[in-house]
Amino acid sequence: MNSLVFDAINELAGHSPAFDGLAEDVAKYGAFLLILMAVSFWFVGRSSGERDINRRVVLSAAIAGALGLVLAQTISHFYYHPRPFADRGDVIQLVSHGADSSFPSEHAVGAFAVAGSILWLRRGWGFLALGVAALVGLARIYVGIHYPADILAGAAIGLAVSYLVTLGGPRIGRVELRARPFMPPLLR
């Protein structure tokens with residue numbers, strides 16, 4: 001099933017230079033768009049309560065992203081699964097990449113950890129963030145560097161870690177309050 005879904009998506013590559021270019025950009029830089037989206041929450045909010053929640057989004061996203069990536073790297077250290085282009089000869093590879101383990105996708109872990117942190121605290125924006133994270137995952141399959149199972153595992157890890165981190169939200173808020181006097185005025 002993993003190979004069938006991969007084939008259905010990856011076989012679309014190589015037919016449209018414009019679409020291929022867009023997919024390459026999303027595969028490489030889409031997670032950074034999510035990070036920018038999360039960071040922007042730090043600077044918005046109409047009330048102090050809303051600003052506090054928005055700052056928890058940023059802190060939760062940073063912590064969940066870091067923890068998720070450590071978990072993903074640990075898994076890939078103990079379980080090697082070849083990337084599609086290293087495993088098969090029929091892959092349309094649009095983005096160059098090392099032939100390291102593809103499971104789980106670290107891009108998917110990071111993207112879904114950030115999107116999940118937004119979702120659990122700012123539901124409406126969170127659905128938009130989940131859509132962007134899903135596009136990142138699809139693009140990484142399209143460009144030939146991940147199997148669908150790599151993306152699904154990354155999404156599950158990212159969402160689970162972000163949920164667990166968000167449960168600790170009150171503690172994160174207290175850390176931010178203690179650190180606030182030491183922040184530059186722009187960040188307070």
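Atom set for the values below is all heavy atoms of this structure, side chains included, hydrogens, waters and symmetry mates excluded.
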Which distance, rounded to the nearest 0.5 Å, do you find between the [atom1] of [X] and the [atom2] of [Y]?
| X | Y | atom1 | atom2 | value |
| --- | --- | --- | --- | --- |
| Ser101 | Phe78 | OG | CZ | 12.5 Å |
| Leu119 | Leu159 | CG | CG | 7.5 Å |
| Asp52 | Glu50 | CG | CD | 10.5 Å |
| Asp7 | Arg88 | CG | CZ | 4.0 Å |
| Arg51 | Phe41 | CZ | CZ | 15.0 Å |
| Ile118 | Leu128 | CD1 | CG | 8.5 Å |

Open item on the list: Checking Phe103 now: which residues fulfil ring pair (Phe, Tyr, Trp, His ring centres under 6.0 Å) with it, not counting sequence neighbours?
Closed with: Tyr79
State, to 0.1 Å, how close [X] and [Y] come at their nearest heavy-atom pair, and which atoms those are.
| X | Y | result |
| --- | --- | --- |
| Ser117 | Val57 | CB-O, 4.1 Å |
| Ala13 | Leu94 | CB-CD1, 3.9 Å |
| Pro84 | Phe6 | CB-CZ, 3.5 Å |
| Ala38 | Ala61 | CB-CB, 4.1 Å |
| Glu24 | Val95 | CG-CG2, 3.9 Å |
| His97 | Gln93 | N-NE2, 3.7 Å |

TODO: Side-chain contact test, heavy atoms from C-beta onward, threshold under 4.5 Å: evaluate it for Leu130 versus Phe112 and give yes or no.
DONE: yes
- [ ] Taking the side chain as every heavy atom from C-beta outward, state whether Leu121 and Ser60 have any pair of such atoms under 4.5 Å apart.
- [x] yes
- [ ] Write out all pairs satisfying side chain to side chain donor-acceptor pair (under 3.5 Å) with one or both partners inside residues 68-77, taking only residues at least two apart or from two chains.
- [x] none
Distance-only criterion, 3.5 Å: show the donor-acceptor pairs between side-chain atoms of residues 133-151 and protein atoms not counting sequence neighbours.
from	atom 1	to	atom 2	distance (Å)
Arg140	NH1	Ala27	O	2.8
Arg140	NH2	His107	ND1	3.3
Tyr142	OH	Leu12	O	3.4
Tyr142	OH	Asp20	OD1	2.5
His146	ND1	Ser102	O	3.1
His146	ND1	Asp150	OD2	3.3
His146	NE2	Arg83	NH1	3.3
His146	NE2	Ser105	OG	3.4
Tyr147	OH	Asp87	OD2	2.8
Asp150	OD1	Ser102	OG	3.4
Asp150	OD2	Ser102	OG	2.8
Asp150	OD2	Tyr147	N	2.8

Under 4.5 Å between side-chain heavy atoms, hopping through other hydrophobics if needed: is there a path connecting [X] to [Y]?
| X | Y | value |
| --- | --- | --- |
| Trp42 | Phe32 | yes |
| Val109 | Val70 | no |
| Leu33 | Val39 | yes |
| Phe19 | Val91 | yes |
| Leu152 | Ile75 | no |

Task: Check: Val44 main-chain N/O paired with Asn54 side-chain donor or acceptor under 3.5 Å - done: yes
- [ ] Take Arg122 and Arg56 through the side chain to side chain contact (heavy atoms under 4.5 Å, CB included) test and state the conclusion after the steps.
- [x] CA-CA 10 Å; Arg122 288 286 177 223; Arg56 279 188 18 216; over 6 Å; no
